[in-house]
*Asks:* 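The following block contains the structure, expressed as structure tokens.
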Number of protein chains: 2
Amino acid sequence: MALRHAVLAALLDGEYSGYQLAKAFDIGVANFWHALPQQLYMELARLEKDGLVAGRQVIQETRPNKRLFHVTDAGRAELERFAADVAKPSFIRDDLLVKVQAADRIGTGPVIEQLEERASAAEAKIELLGSLLRQFRGDMDEEEYLRTGERVGPYLTCLRGLSFEEGHRDWCLRIANVLRERRTTRAER
Amino acid sequence: MALRHAVLAALLDGEYSGYQLAKAFDIGVANFWHALPQQLYMELARLEKDGLVAGRQVIQETRPNKRLFHVTDAGRAELERFAADVAKPSFIRDDLLVKVQAADRIGTGPVIEQLEERASAAEAKIELLGSLLRQFRGDMDEEEYLRTGERVGPYLTCLRGLSFEEGHRDWCLRIANVLRERRTTRAER
DNA sequence: AGAGTCATGTAAGCTGTTACATGATTCG
DNA sequence: CGAATCATGTAACAGCTTACATGACTCT
């Protein structure tokens, strides 16, 4: 059970509905965990049953009703326990890298295109994370915020996301160039 | 079915047994896909049944017998098809980042320790990848190898792995320092 | 003598994805 | 008027992890 702790950690800063959580898992939380909305609804139900989160119904008139969840003391204790035991190594799974591994044994055209699309997507995410980080730290500069800010957890994970996306973008562009040049060279032979 | 293509891509460069593949999935292939040996044995059986790989028995005297697999023409065609259709976005799942997200709401001691262990592990992987890359390119320098080398796919994915590990190491060390300084500051209050 | 490597699998259980299901409101 | 947003779930299926099972050889 691993999604469980990601949900608890994401829910530490206030009340969220399943729907809002799903959006968080698409932006900031995506830097350390990926999950689909269906999974979140199921996990929230399980967490509530186990007493690690509690929800309250909010009746809305112009919108469907929703349930807002927060972490209970038992939930915080569970996170504490989780933080202390050994972490599994992180792992990557990426279709595009599989394609690159095969790149010079198959047609490179579509792979080059996808590398460039990925680079654009990474660029967009970089900008998104940049503004998220600016929002977090307000008027402070980064060093000051990291020393004195109230809540730095989400800031730190976004920093990792930012560096990941930058590395990803640079690699995609470089590899796209390498493959394109190799294609030209071959065509000339 | 996603592991399937990772196995095909890893198997492009010759014959491997399940056991050898498992080791590859622990080093170079780990840069784009993670899988346990059990999964590989199962996947190889399925791939063989579907005619995408073929295996031949090798009888050994001082070692248990083994089966060496290679990609068939049908397998190569399947990879080609795979490379052309849209790639799912890559995603990360990392326990340690979950802990960092929660960091200033729980005890940071164990998290700092784990960050430093991770940094060492990343460092070890960086060295491993460095020597792998040197082995690949022989006497050539990187640019020359990327322009003229016979088979650059595995080199390119290792480059991504290298940059990922470097980013990971740097982040771990920086975050460990940030959390440690915040702890000291709090203790002084 | 004990640990590690070589070598291959099965089975149970847990996790994650895809497809299905519904329906009002708001924005362009 | 169509698309996106808000809002929550169920069910079937596919994929992954953990535990079990075996056994010889080599290195320290």
Side-chain angles (χ1 to χ4, degrees), chain A residues 1-7 15-27 29-30 32-50 53 55-69 85-95 98, chain B residues 1-8 15-27 29-30 32-50 53 55-69 82 85-95 98:
Chain A
M1 264 178 267
L3 171 61
R4 138 170 302 225
H5 301 107
V7 170
E15 288 186 318
Y16 294 92
S17 65
Y19 189 83
Q20 288 171 302
L21 249 194
K23 279 203 295 182
F25 269 77
D26 235 45
I27 311 170
V29 180
F32 58 90
W33 212 267
H34 162 262
L36 298 167
Q38 290 92 329
Q39 241 182 308
L40 297 176
Y41 285 117
M42 271 190 293
E43 196 60 48
L44 281 171
R46 236 175 286 160
L47 282 164
E48 193 181 24
K49 196 195 70 199
D50 296 344
V53 305
R56 63 182 182 91
Q57 181 104 18
V58 175
I59 284 122
Q60 299 184 120
E61 272 160 29
T62 67
R63 293 269 164 224
N65 296 338
K66 61 180 173 184
R67 305 198 63 213
L68 294 178
F69 294 92
D85 63 42
V86 289
K88 295 181 196 164
S90 74
F91 59 85
I92 298 180
R93 277 181 176 155
D94 191 338
D95 278 5
V98 174
Chain B
M1 264 178 266
L3 171 61
R4 143 170 297 226
H5 301 106
V7 170
L8 286 172
E15 288 186 318
Y16 294 93
S17 65
Y19 189 83
Q20 288 173 301
L21 249 194
K23 280 203 296 184
F25 269 77
D26 234 45
I27 310 171
V29 181
F32 58 91
W33 212 268
H34 161 262
L36 298 167
Q38 290 92 329
Q39 241 183 307
L40 296 176
Y41 285 116
M42 270 190 294
E43 195 61 47
L44 281 171
R46 235 176 287 158
L47 282 164
E48 193 181 25
K49 197 194 69 199
D50 296 345
V53 306
R56 63 182 183 91
Q57 182 102 19
V58 174
I59 285 123
Q60 298 184 119
E61 272 160 30
T62 67
R63 294 268 166 223
N65 297 338
K66 62 181 172 182
R67 304 198 63 214
L68 294 178
F69 294 92
F82 167 73
D85 63 41
V86 289
K88 294 182 196 165
S90 75
F91 58 84
I92 298 180
R93 277 181 176 154
D94 191 338
D95 278 5
V98 174

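Note that this is a predicted model, so its numbers are computed, not measured. Throughout, protein chains are lettered first and strands after them, A, B, ... in sequence-line order, and every chain is numbered starting at 1.
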*Asks:* Reckon R93(A) touches a base, only the sugar-phosphate, or nothing at all at heavy-atom distances under 4.0 Å?
*Replies:* sugar-phosphate
*Asks:* Provide, to the nearest angstrom, the distance between the CZ atom belonging to F91(A) and the C1' atom belonging to dT15(C).
*Replies:* 11 Å
*Asks:* Rounded to whole angstrom units, what separation is found between the CG atom of L36(A) and the C1' atom of dA19(C)?
*Replies:* 12 Å
*Asks:* Are the side chain of R93(B) and the backbone N or O of H34(A) linked by a donor-acceptor pair below 3.5 Å?
*Replies:* yes
*Asks:* Is the shortest side-chain heavy-atom distance between L36(B) and F25(B) below 4.5 Å?
*Replies:*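 No; the side chains remain at least 4.5 Å from each other.
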*Asks:* Find the distance Q60(A):CD to dT25(C):C1' and express it as a whole number of Å.
*Replies:* 12 Å
*Asks:* Can you confirm whether L3(B) sits close enough to W33(B) that some side-chain heavy atom of one is under 4.5 Å from a side-chain heavy atom of the other?
*Replies:*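 Side-chain contact under 4.5 Å: yes.
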*Asks:* Please report the C-alpha distance between V58(A) and N65(A) in whole Å, then the side-chain angles of each, then the deciding distance to 0.1 Å, and finally whether the side-chain contact (heavy atoms from CB on, under 4.5 Å) criterion is met.
*Replies:* CA-CA 6 Å; V58(A) 175; N65(A) 296 338; over 6 Å; no
*Asks:* In whole angstrom, give the distance that lies between atom CG of D26(A) and atom P of dT5(D).
*Replies:*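 Distance check: D26(A) CG to dT5(D) P gives 11 Å.
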*Asks:* Check the distance between dC13(D)'s C1' and Q39(A)'s CD and give it to me in whole angstrom.
*Replies:*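 Taking atom C1' of dC13(D) as the reference, CD of Q39(A) is at 14 Å.
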*Asks:* Under 4.5 Å between any side-chain heavy atoms of F82(B) and V98(A), yes or no?
*Replies:*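 Yes - at least one pair of side-chain heavy atoms lies under 4.5 Å apart.
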*Asks:* Please test L47(A) against F69(A) for side-chain contact (heavy atoms from CB on, under 4.5 Å), starting from the C-alpha separation and ending with a verdict.
*Replies:* CA-CA 10 Å; L47(A) 282 164; F69(A) 294 92; over 6 Å; no
*Asks:* Relative to the 5' end of DNA chain C, which residue comes earlier, A35(A) or K23(B), by the nucleotide with the nearest heavy atom?
*Replies:* K23(B)
*Asks:* For nucleotides 22-27 of chain D, read 5' to 3', which letter fits each nucleotide if B means a protein heavy atom sits under 4.0 Å from the base, S means only the sugar-phosphate is that close, and - means neither?
*Replies:* -B-SS-
*Asks:* Which angle, rounded to 10°, do you find between the first-five-pair axis and the last-five-pair axis of the helix from dA1(C)-dT28(D) to dG28(C)-dC1(D)?
*Replies:*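 Taking the rotation axis at each end, their angle is 60°.
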*Asks:* I need the CH2-P distance between W33(A) and dT15(C), as an integer number of Å.
*Replies:*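 It works out to 11 Å between those atoms.
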*Asks:* Before giving the answer on side-chain contact (heavy atoms from CB on, under 4.5 Å), spell out for L44(A) and R67(A) the whole-Å C-alpha distance, their side-chain angles and the decisive distance to 0.1 Å.
*Replies:* CA-CA 10 Å; L44(A) 281 171; R67(A) 305 198 63 213; over 6 Å; no
*Asks:* Output the rounded distance in Å from CZ (R4(A)) to P (dT15(C)).
*Replies:* 9 Å
*Asks:* Could you go through the salt bridge (Lys or Arg N to Asp or Glu O under 4.0 Å) check for D94(A) and K88(B) one step at a time?
*Replies:* CA-CA 8 Å; D94(A) 191 338; K88(B) 294 182 196 165; over 6 Å; no
*Asks:* What is the separation between atom CG on L3(B) and atom C1' on dA14(D), rounded to the nearest whole Å?
*Replies:* 12 Å
*Asks:* Which is it for E15(B) and Q20(B) under the side-chain contact (heavy atoms from CB on, under 4.5 Å) test, yes or no, and what are the steps along the way?
*Replies:* CA-CA 9 Å; E15(B) 288 186 318; Q20(B) 288 173 301; over 6 Å; no
*Asks:* Are the side chains of Q57(B) and L68(B) in contact, using a 4.5 Å heavy-atom criterion?
*Replies:* no
*Asks:* Can you give one letter per nucleotide of nucleotides 8-13 of chain C, 5' to 3': B if a protein heavy atom sits under 4.0 Å from the base, S if only from the sugar-phosphate, - if neither?
*Replies:* BBB---
*Asks:* For V7(B) versus E43(B), what's the shortest heavy-atom pair and its separation?
*Replies:* CG2-CG, 4.2 Å
